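Working notes for the structure below.
Lettering of chains follows the sequences in order, A, B, ..., and the numbering in each one begins at 1. This one's a predicted model, so the numbers in the text were calculated from it and none came from an experiment.
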Protein chains: 2
Amino acid sequence: MGPVKLDRIDIAILATLQRSGKMSNIALAATVGLSPSPCLTRVKRLEAAGYIAGYRAELAWAKLADHIIVFTEVTLADHKREDFVRFEAEIRRVEAVVECHVVSGGYDYLLKFVARNVAHYQEIIEAILDRNLGVEKYFSYVVIKTVTAKDGVPLRFLLP
Amino acid sequence: MGPVKLDRIDIAILATLQRSGKMSNIALAATVGLSPSPCLTRVKRLEAAGYIAGYRAELAWAKLADHIIVFTEVTLADHKREDFVRFEAEIRRVEAVVECHVVSGGYDYLLKFVARNVAHYQEIIEAILDRNLGVEKYFSYVVIKTVTAKDGVPLRFLLP
DNA sequence: GATGAAACTTTGTAAAC
DNA sequence: GTTTACAAAGTTTCATC
């Protein structure tokens, strides 16, 4: 997990693997303009340094199962440290919550839910409210259409 | 891309590959309780049917580059069909926008941005406003802390 | 579905340049 | 860093039960 300097080739490797994680080392080497041996060395180094968190298959959810996505703004009634800790600990255990962020201004948490349908979402929310986690109010935004959903983030855009 | 019936083993394969996309076929077969040959046949069938959208390396953004995430609510001034089409076409071209959803109630779009810092985000937003895409108002929520960010969605949770 | 054999590809390492 | 070589391992196909 030591610090590793990233040169242009390392960035190219990361960017390529982000798009095609199963590409063979030979194909990867050709893509980034390296011969296979040093390319593999770099990949192993990047993995060991912790820059690659893992490899995942991206599933086609739309084809696999009917589902809806809902973003929910949550405001807690009290704002003591223990209120936050308790809410977060419990929300982590809810399968339907795929993202939960603390945000600045307006409200406390922004959550992203996945559910089979609106009724299913309602069940989930009510189960959360029943647990008395100190939710003062919440507002739900059901996703009607997703315009953009990038798999990764353009590396070159974020790196200086 | 034909229709494929998914049995318990198919679901297990998809769930496993979602977690470890680079697992070898031999290891995968052992995990789902199959011998390698039929296991590979199933994987190929699932890929051909379009249930697996691709394989990706998940990068460790926190280690790679300083960055912030911002959720932005956008309301358009006019709601004619062409207003939506124009806004969506342009927003797709903004690198910093990693997600863009049409949502029900409150406002029109919920966007998820990635930027190097708040000043960078401000630049990006101003560039969007300068293009006169019909944005009447917007509100930004900077992510202070991410409590949960699941890589995939539990398959069994969504499937009936 | 399982098994096992055979051909092929890729990986991972090590040599020499 | 490149190229070549090579052994180990994994993939893929095929025939058989």
Side-chain angles (χ1 to χ4, degrees), chain A residues 1-60 63-65 151-152 154-156 158-160, chain B residues 1-60 63-65 151-152 155-156 159-160:
Chain A
M1 293 281 190
V4 176
K5 290 175 195 163
L6 299 175
D7 62 16
R8 243 160 261 175
I9 297 181
D10 289 319
I11 311 248
I13 289 174
L14 291 172
T16 305
L17 288 180
Q18 188 175 225
R19 283 189 308 106
S20 327
K22 235 184 169 181
M23 181 181 275
S24 80
N25 181 56
I26 295 173
L28 177 63
T31 303
V32 303
L34 223 60
S35 57
S37 291
C39 182
L40 185 61
T41 305
R42 280 169 182 266
V43 172
K44 292 300 167 193
R45 185 160 45 90
L46 291 169
E47 287 175 356
Y51 288 113
I52 297 177
Y55 295 92
R56 323 226 176 278
E58 188 196 328
L59 304 186
K63 291 196 65 164
L64 276 167
D151 346 290
L155 260 176
R156 285 173 195 77
L158 276 189
L159 293 178
Chain B
M1 292 280 188
V4 176
K5 290 175 195 164
L6 299 175
D7 61 16
R8 243 161 263 175
I9 297 181
D10 289 318
I11 311 251
I13 288 175
L14 291 172
T16 304
L17 289 179
Q18 187 174 36
R19 285 192 304 108
S20 332
K22 237 184 168 182
M23 180 180 276
S24 82
N25 182 55
I26 293 174
L28 176 63
T31 303
V32 303
L34 224 58
S35 58
S37 290
C39 181
L40 185 60
T41 306
R42 280 169 182 266
V43 172
K44 293 300 168 194
R45 184 160 47 89
L46 292 169
E47 287 175 356
Y51 288 115
I52 297 177
Y55 295 91
R56 323 226 175 280
E58 189 196 329
L59 305 186
K63 290 196 64 164
L64 276 167
D151 344 292
L155 259 176
R156 287 174 194 75
L159 294 178

Between C/dG1, C/dT13, D/dC14, which nucleotide gets closest to the side-chain atoms of A/S37? C/dT13

B/N25 CG to C/dT9 P, straight-line distance once rounded to whole Å: 18 Å

Of the listed nucleotides C/dT10, D/dT2, C/dT3, the one nearest the side chain of A/P38: D/dT2

Kindly point out which of D/dG1, C/dT10, C/dT3 is positioned nearest to the side chain of A/S24? C/dT10

Could you state the atom-to-atom distance from CE of B/M23 to P of D/dA9 in whole Å? 19 Å

Distance in angstrom units between A/L34 CG and D/dG1 C1', rounded: 8 Å

State whether the side chain of A/K63 and the backbone N or O of B/I52 hold a donor-acceptor pair below 3.5 Å, judged by distance alone. no

Hey, which sits more toward the 5' end of DNA chain C by its nearest nucleotide, B/D7 or B/K22? B/D7

From C/dA2, C/dG12, D/dT11, pick the nucleotide closest to the side chain of B/I26? D/dT11

Spacing between B/R42 atom CZ and C/dA2 atom C1', to the nearest angstrom: 13 Å

Checking contacts here: which listed nucleotide (C/dT11, D/dT12, D/dG10) is nearest the side-chain heavy atoms of B/L40? D/dT12

Do the charged groups of A/D10 and A/R42 touch, with an N to O distance under 4.0 Å? yes

A/L64 and B/L6: which non-hydrogen atoms are nearest, and at how many Å? CD2-CD1, 3.5 Å

Could you walk me through whether A/V32 and A/R8 pass the side chain to side chain contact (heavy atoms under 4.5 Å, CB included) check? CA-CA 9 Å; A/V32 303; A/R8 243 160 261 175; over 6 Å; no

Atom CD1 of B/I9 and atom P of C/dA2 are separated, to the nearest Å, by 7 Å

Let's see if you can work this out: which of C/dT10, D/dT11, C/dG12 has an atom nearest to the side-chain heavy atoms of A/K44? C/dG12

